[in-house]
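These notes are about the structure you will find just below.
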Amino acid sequence: VIPGWFSEISPMWPGEAHSLKVEKILFQGKSEYQNVMVFQSSTYGKVLVLDGVIQLTERDECAYQEMITHLPLCSIPNPKKVLVIGGGDGGVLREVSRHSSVEKIDICEIDKMVVDVSKQFFPDIAVGFDDPRVTLHIGDGVAFLKAVPEGTYDAVIVDSSDPIGPAQELFEKPFFESVARALRPGGVVCTQAESIWLHMHIIEDIVANCRQIFKGSVNYAWTTVPTYPSGMIGFMLCSTEGPSVDFKHPVNPIDENDSQQSTRPLKFYNSEIHTAAFCLPSFAKRAIGSK
Ligand SMILES: NCCCCCc1nc2ccccc2[nH]1
């Protein structure tokens with residue numbers, strides 16, 4: 001351990017560790033589910049850490065939040081009802097609320113401490129909770145989805161941490177089946193789907209499960225996030241049987257004159273990077289291969 005530095009050491013990425021210079025530790029706590037820490041970094045703003053794993057930094061969270069939200073929502077013509085599983089920091093809610101067609105946003109986050117800490121230390125991210133369309137449920141997303149009537153949502157966004165910890169079940173087949181049941185025909189899901197550099201086997205298993213469960217499109221996309229291990233993270237984009245969805249070509253662009261564009265313009269997402277996100281290096285195309 002180097003004094004004044006935080007290193008992200010984990011058995012999920014053996015032999016490597018991204019480090020950030022620490023100015024000051026702002027919060028340390030233990031919730032029912034995990035250790036929670038916030039620190040002021042020297043160059044990436046404030047940082048949220050759960051069980052020693054970096055979840056977001058103020059400087060690069062836009063890349064993750066904007067892509068995980070707009071890749072699905074810009075791929076269908078008129079999203080009305082959206083469910084967020086995880087996402088307790090509020091960043092996905094902030095991005096979903098840019099879509100004026102959306103009438104209802106449900107969010108199910110298991111750890112209340114994540115919500116409270118985000119509101120206290122990351123107000124520009126937790127601003128998402130202020131939207132009147134949002135209903136917050138504190139609980140397990142697996143149980144929440146079992147109680148949801150069939151065909152309720154146009155889109156589900158699974159903004160989870162990694163498979164080791166509270167989010168483990170969100171990477172397993174039964175959960176994907178319950179997501180498919182909760183979506184309307186031609187509905188879409190976007191999940192946090194790890195890195196092709198670190199977790200290709202996990203991704204292959206997820207893709208195989210999704211190909212069995214989602215009879216529409218199944219695509220892997222990715223974005224760069226400097227403070228995530230390997231500097232990138234991927235997304236699984238799937239649609240249910242019904243009106244076809246071409247994830248690679250946004251049919252529902254963010255309307256430029258939407259209220260937030262003037263006060264809070266998009267920092268990362270645009271329609272070109274939407275399409276580019278689905279381009280994969282050859283080793284990943286071979287392993288994931290979509291027709
Ligand atoms: N090693 C990559 C981790 C990716 C984390 C993404 C993430 N981490 C979260 C924590 C709380 C709420 C929503 C979150 N979304």
Side-chain angles (χ1 to χ4, degrees), residues 1-2 4-22 25 33-69 71 85-89 91-92 111 114 117-118 122 125 157-172 190-207 220-237 267-268 273 276-285 287-288:
V1 178
I2 311 162
W5 285 77
F6 167 82
S7 294
E8 189 189 41
I9 295 165
S10 168
M12 291 187 283
W13 31 91
E16 61 184 276
H18 186 252
S19 302
L20 289 172
K21 198 163 188 317
V22 178
I25 293 182
Y33 300 96
Q34 53 207 337
N35 288 300
V36 181
M37 174 172 67
V38 179
F39 69 84
Q40 182 69 48
S41 72
S42 306
T43 50
Y44 276 80
K46 289 197 277 294
V47 183
L48 172 65
V49 178
L50 299 180
D51 283 344
V53 175
I54 293 171
Q55 305 300 319
L56 59 86
T57 83
E58 287 180 310
R59 179 168 163 189
D60 64 5
E61 54 94 6
C62 60
Y64 176 80
Q65 317 278 13
E66 292 181 22
M67 293 295 272
I68 199 172
T69 304
L71 286 177
I85 301 290
D89 52 285
V92 169
D111 193 342
V114 170
V117 162
S118 184
F122 300 93
I125 299 176
I157 296 168
V158 186
D159 174 15
S160 71
S161 45
D162 299 304
I164 294 188
Q168 182 173 345
E169 285 183 277
L170 305 183
F171 291 82
E172 292 166 0
C190 181
T191 79
Q192 190 268 91
E194 301 297 352
S195 161
I196 54 174
W197 287 111
L198 303 173
H199 300 121
M200 190 55 91
H201 296 311
I202 294 177
I203 295 166
E204 284 166 328
D205 291 348
I206 291 172
V207 170
Y220 179 88
W222 60 280
T223 188
T224 83
V225 184
T227 57
Y228 283 168
S230 80
M232 65 152 303
I233 195 156
F235 309 103
M236 206 69 238
L237 277 296
K267 293 181 185 167
F268 192 93
I273 211 157
F278 293 87
C279 299
L280 298 178
S282 298
F283 75 90
K285 278 178 84 167
I288 297 170

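Quick caveat: nothing in here was measured; it's all calculated off a predicted structure.
Between Val47 and Ser41 the shortest heavy-atom distance is CG2-CB, 3.9 Å. Among all heavy-atom pairs drawn from Gln192 and Ile68, the shortest one is N-CD1, 4.0 Å. Of all heavy-atom pairs between Glu58 and Lys46, the closest is OE1-N, 2.7 Å. Considering all non-hydrogen atoms of both residues, Val53 and Trp13 come closest at CG1-CH2, 3.8 Å. Of all non-hydrogen atoms in Glu204 and Ala287, the two that sit nearest each other are OE2-CB, 3.4 Å.
Between Met12 and Leu198 there is no side-chain heavy-atom pair separated by less than 4.5 Å. Side-chain contact between Tyr33 and Val114: absent, with no pair of heavy atoms (C-beta onward) separated by less than 4.5 Å. You'll find the side chain of Ile196 reaches within 4.5 Å of the side chain of Ile288, heavy atoms only. Within the 4.5 Å cutoff, the side chain of Met236 has no heavy atoms near those of the Val158 side chain. Phe6 has its side chain within reach of Val49: a pair of non-hydrogen atoms, C-beta onward, lies under 4.5 Å apart. Under the 4.5 Å side-chain criterion, counting only non-hydrogen atoms from C-beta, Tyr220 is not in contact with Ile206.
Considering CG of Leu71 and CH2 of Trp222, their distance stands at 12.5 Å, rounded to 0.5 Å. Here Glu61 contributes atom CD and Phe268 contributes atom CZ; the two are 12.0 Å apart, rounded to the nearest 0.5 Å. Expressed to the nearest 0.5 Å, how far OG1 of Thr69 lies from CG of Asp159 amounts to 7.5 Å. Interatomic distance, CE of Met232 versus CD of Glu194, reported as 10.0 Å (0.5 Å rounding). Atom-to-atom distance recorded for Asp162:CG and Asp51:CG is 10.5 Å, nearest 0.5 angstrom. A distance of 9.0 Å separates OG1 of Thr224 from CE of Met67, quoted to the nearest 0.5 Å.
With sequence neighbours left out, Thr227 forms a side chain to side chain contact (heavy atoms under 4.5 Å, CB included) with His18, Leu20, Tyr44, Ile54, Thr57, Asp60, Val225. For Tyr228, the ring pair (Phe, Tyr, Trp, His ring centres under 6.0 Å) partners at least two apart in sequence or on another chain are Tyr64. Residues passing the side chain to side chain contact (heavy atoms under 4.5 Å, CB included) test with Ala167 are Ser160, Ser161, Leu170, Phe171, sequence neighbours excluded.
Between the side chain of Asn35 and the backbone N or O of Leu50, no donor-acceptor pair lies under 3.5 Å. Judged purely by atom type and a 3.5 angstrom limit, Ser195 uses its side chain to pair as donor or acceptor with the backbone of Trp197. Looking only at distances, no side-chain donor or acceptor of Gln34 sits under 3.5 Å from a matching main-chain atom of Pro166.
Defined by atom type and a distance below 3.5 Å, a donor-acceptor pair is missing between the side-chain atoms of Asp89 and Gln55.
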